[in-house]
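Please read the structure below before turning to the comments.
No hydrogens, no waters, no symmetry mates; every other heavy atom, side chains included, goes into these values. Sequence lines set the chain letters: A, B, ... in the order given, protein chains first and strands last, and positions in each chain run from 1.
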Number of protein chains: 2
Amino acid sequence: MEHVVAETPRLTESAGAVFAVLAQAGSATRPQLASLAGLSKPTVSAAVAELEGARLATHSGTASGGTGRSAAVYGLGPASGSVIAVDLGPARTRVRGCALDGTLLVEADTPRIRAADAVREALAALPAGAPLRAIVVAIGDVTASDLAGTGMRPATAKAGPVFDAVSVALPPGVPVHLENNVNCAALAELHEGAARGRRTFGYLRIGVGIGLGIVIGGQVLRGANGAAGELARLPYPWDDDREPRQEALEAYVGSHALLRRAAEAWQDTDGPCPRTAEQLFALAAEGREPARSLVARHAADVGRLAAAVAAVLDPGLIVLGGSTGADPQLLPGVRSELGRLSWPTEVVSSQIGDLGTVVGAARLAVAKGVQNVTEGAQVKD
Amino acid sequence: MEHVVAETPRLTESAGAVFAVLAQAGSATRPQLASLAGLSKPTVSAAVAELEGARLATHSGTASGGTGRSAAVYGLGPASGSVIAVDLGPARTRVRGCALDGTLLVEADTPRIRAADAVREALAALPAGAPLRAIVVAIGDVTASDLAGTGMRPATAKAGPVFDAVSVALPPGVPVHLENNVNCAALAELHEGAARGRRTFGYLRIGVGIGLGIVIGGQVLRGANGAAGELARLPYPWDDDREPRQEALEAYVGSHALLRRAAEAWQDTDGPCPRTAEQLFALAAEGREPARSLVARHAADVGRLAAAVAAVLDPGLIVLGGSTGADPQLLPGVRSELGRLSWPTEVVSSQIGDLGTVVGAARLAVAKGVQNVTEGAQVKD
DNA sequence: TGAACTTCGTTAGGAAGTTAACTAACGAAG
DNA sequence: CTTCGTTAGTTAACTTCCTAACGAAGTTCA
């Protein structure tokens with residue numbers, strides 16, 4: 001099956017703006033488009049005619065709601081095409097294909113070993129004949145900057161092999177964008193999670209590793225090395241008479257440390273030691289010791305991490321996610337430690353969970369795809 | 001003396017763009033303006049005519065450089081007006097009045113007690129008849145958000161009284177913008193200091209207090225509470241078995257701590273103990289112990305601070321400033337500790353020094369003033 | 001000194017978008 | 001069933017800016 005790469009005729013500026021707004025809204029009437037795009041009625045009429053001609057928009061019904069003449073409703077047309085997002089997680093690979101209005105077309109969730117096949121299957125299941133406009137791959141690593149020429153971006157050492165294994169399944173000629181998985185999850189929280197309506201916030205993920213996704217003015221902050229939010233490199237331990245060691249913080253506040261402490265605590269008791277973070281949190285929810293105090297202590301640690309973030313960024317909102325971070329039991333402890341140390345900052349738990357990374361990657365892919373349409377050519381980022 | 005507030009007739013969009021470009025360049029020919037503003041020659045001609053009519057631009061000579069017809073050179077006209085910047089420092093108050101092209105019109109540097117008088121004198125010395133278009137006041141405190149109505153912003157507790165003492169000298173009806181002094185100094189480094197040409201960097205100031213000015217994409221990051229970069233609230237000390245205390249870091253890495261440690265070290269030696277940071281750095285520059293090792297240790301501390309910043313922001317460049325931070329002797333130590341702990345980040349010393357805050361505040365005021373002209377009305381931020 | 005060249009600035013025509021006013025379609029009230 | 005208010009969509013005149021071409025004013029070189 002062939003995925004044709006956009007030979008869309010160059011759109012006028014207003015048609016591009018209208019398309020972007022239509023993609024965001026999913027479907028809309030001309031007056032709605034005019035108001036959303038900040039254009040006049042005649043201009044929108046012309047733009048819609050242009051989009052219909054290019055099969056980028058189609059008349060999909062009429063809105064007969066209130067008083068007055070009923071308006072024609074438009075939606076995305078068949079030529080608008082689709083995008084695909086891949087989350088290369090440590091254990092599982094998740095794939096999502098979406099239309100440019102964000103509607104889900106294909107979904108897959110497989111063990112990592114089947115990643116390339118899953119991508120191929122997803123590509124085959126997308127509507128043929130319409131262009132594939134963007135590919136976003138989320139990885140658990142710092143993402144390097146653009147490689148000149150191809151438009152693809154190589155992963156650094158940590159996630160390089162995984163990415164290479166999947167990249168053979170990607171169709172040539174379509175722009176590929178690599179993005180950090182925590183950044184993707186932050187975008188998911190921004191658009192359909194706990195940070196909806198915000199412009200600036202931090203998404204703090206605590207699992208085996210720790211990471212921060214920073215959103216400022218609706219944009220992900222990537223940093224000069226693509227390493228913004230890589231909190232593992234915060235100086236730790238840090239005191240008058242102690243030397244910080246590299247990446248020591250992750251070993252101390254990550255979920256491994258939590259389970260290690262649990263194992264130590266359970267040595268002095270009888271009863272089975274919890275083997276996963278979920279088991280530990282379940283015991284703590286019942287008020288059992290030593291689970292409760294271990295969780296309380298973890299909350300204080302997370303609160304300190306959040307305080308470090310607030311001291312630098314003052315984001316106003318921190319969303320907690322990750323295997324040990326997302327549990328609402330942490331909230332009181334995190335809030336009190338953060339409040340004690342730093343600036344007034346709202347703290348809430350993630351609303352999306354494990355799917356956050358694919359969902360956010362798909363959001364990013366949709367944005368790139370829309371850009372691809374409105375700017376006529378392939379987007380370089 | 002009356003400072004008339006802009007009753008500038010509303011400019012067309014292109015004339016506004018040309019004015020902004022002309023203010024930035026100071027003076028320019030029409031072809032230069034066309035290229036800088038991204039407009040065509042006829043449009044620039046029309047815009048310049050409009051600006052000349054409003055006395056916002058004047059013909060200031062001809063450029064007879066190379067081959068071909070010589071172009072007319074234009075500069076800002078008398079109606080473009082001026083702005084004023086005030087740095088309310090802990091000991092001294094600095095005032096600068098500037099034209100909208102950034103040229104210095106008035107300058108003052110007085111003890112804090114004379115602040116209000118100095119502001120009044122500076123206002124009196126500005127060209128009469130032309131509008132005063134913006135006032136920026138830099139203070140050593142977190143700046144709260146806009147007070148509705150007046151357009152003025154109150155300081156919080158720390159710098160409130162100082163600001164109130166000066167605000168009585170400010171003419172009514174002119175938009176006042178309060179800004180953190182470290183943020184101002186960062187802007188100075190961005191425009192005419194060590195960060196020229198950058199879009200993103202951090203300005204780390206180490207003096208009695210510690211602070212960070214964050215510039216992302218050419219814009220200062222202020223944060224939800226105006227507290228972005230208030231590093232004093234980084235958790236410290238931070239270790240498995242220690243409780244961070246609020247603002248403990250400032251007491252440990254600020255210049256007071258450095259001098260306290262010097263006093264302790266000199267107890268065991270004869271010779272006079274250095275009483276200021278400058279004296280200590282001078283001794284270290286000669287290679288004298290214990291000054292040398294005290295400075296080396298300070299450098300490592302600053303490097304850890306820089307590492308904390310790099311772990312969150314990955315800014316690519318950190319400029320060191322402040323009474324103990326700006327000394328180039330620190331650079332090797334800071335670079336090695338930062339390199340050991342965190343991401344590849346350039347580290348350089350401030351190129352501006354004590355005047356940074358006023359200079360940056362003046363830059364900000366000029367930007368606000370230009371906005372005031374191009375957007376016709378008073379700017380709300 | 002004058003021809004050739006180069007750059008400045010203006011004039012003329014056209015593209016794109018706005019406002020304003022008009023026509024078309026629909027629901028509700030008399 | 002007509003009439004009125006409301007909202008959708010179109011037409012027309014005007015604004016703004018661009019491109020293209022041309023005249024004007026310099027410089028360089030024979």
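An OP1 or OP2 oxygen of dA16(C) is reached within less than 4.0 angstrom by no side-chain nitrogen or oxygen of Thr12(A).
Atoms CG and OG, on Leu51(A) and Ser80(A) in that order, are 10.0 Å from each other to the nearest 0.5 Å.
Counting any heavy atom pair closer than 4.0 Å across all strands shown, Thr29(A) reaches no nucleic acid atom. Ala46(A) comes within 4.0 angstrom of nothing in the nucleic acid, heavy atoms only.
For Glu189(B) and Arg198(B), the salt-bridge test fails: no basic side-chain N is under 4.0 Å from an acidic carboxylate O.
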**OP:** Taking Watson-Crick and G-U wobble pairs with both distances under 3.5 Å, convert DNA chain C into its dot-bracket string, 5' to 3', dots for unpaired and | for cross-strand pairs.
**Re:** ||||||||||||||||||||||||||||||

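For the pair Val359(A) and Arg96(A), the minimum side-chain heavy-atom distance is below 4.5 Å. Two residues are said to be in side-chain contact when any heavy atoms from C-beta on lie closer than 4.5 Å; Gln371(B) and Arg133(B) fail this criterion. The side-chain heavy atoms of Cys184(A) and Val358(A), taken from C-beta on, include no pair separated by under 4.5 Å. Under the 4.5 Å side-chain criterion, counting only non-hydrogen atoms from C-beta, Leu132(A) is in contact with Leu123(A).
Annotation: of the two residues near DNA chain C, Val73(B) and Gly68(A), the 5′-most nearest-nucleotide partner is Val73(B). Comparing Thr67(B) and Ser14(A) by the nucleotide of DNA chain C whose heavy atom lies nearest to each, the residue mapping closer to the 5' end is Thr67(B).
Taking 4.0 Å as the cutoff to heavy atoms of chain B, we find the contact window on DNA chain D bounded by dC17(D) to dT27(D).
For Glu13(B), there are no salt bridge (Lys or Arg N to Asp or Glu O under 4.0 Å) partners at least two apart in sequence or on another chain. Glu192(B) is linked by a salt bridge (Lys or Arg N to Asp or Glu O under 4.0 Å) to Arg363(B), counting only residues two or more places apart in sequence or in another chain.
Considering Val136(B), Thr143(B), Ile135(B) in turn, Val136(B) is the only one that fulfils the side-chain contact (heavy atoms from CB on, under 4.5 Å) rule with His177(B).
For the residue pair Thr12(A) / Glu50(A), a side-chain donor-acceptor distance below 3.5 Å is found, with atom types taken as modelled.
A heavy atom closer than 4.0 Å to some atom of DNA chain C occurs in Gly38(A), Leu39(A), Ser40(A), Pro42(A), these being the qualifying members of residues 30-42 of chain A.
The ring pair (Phe, Tyr, Trp, His ring centres under 6.0 Å) analysis of residues 29-76 of chain B, with sequence neighbours excluded, yields the pairs His59(B)-Tyr74(B).
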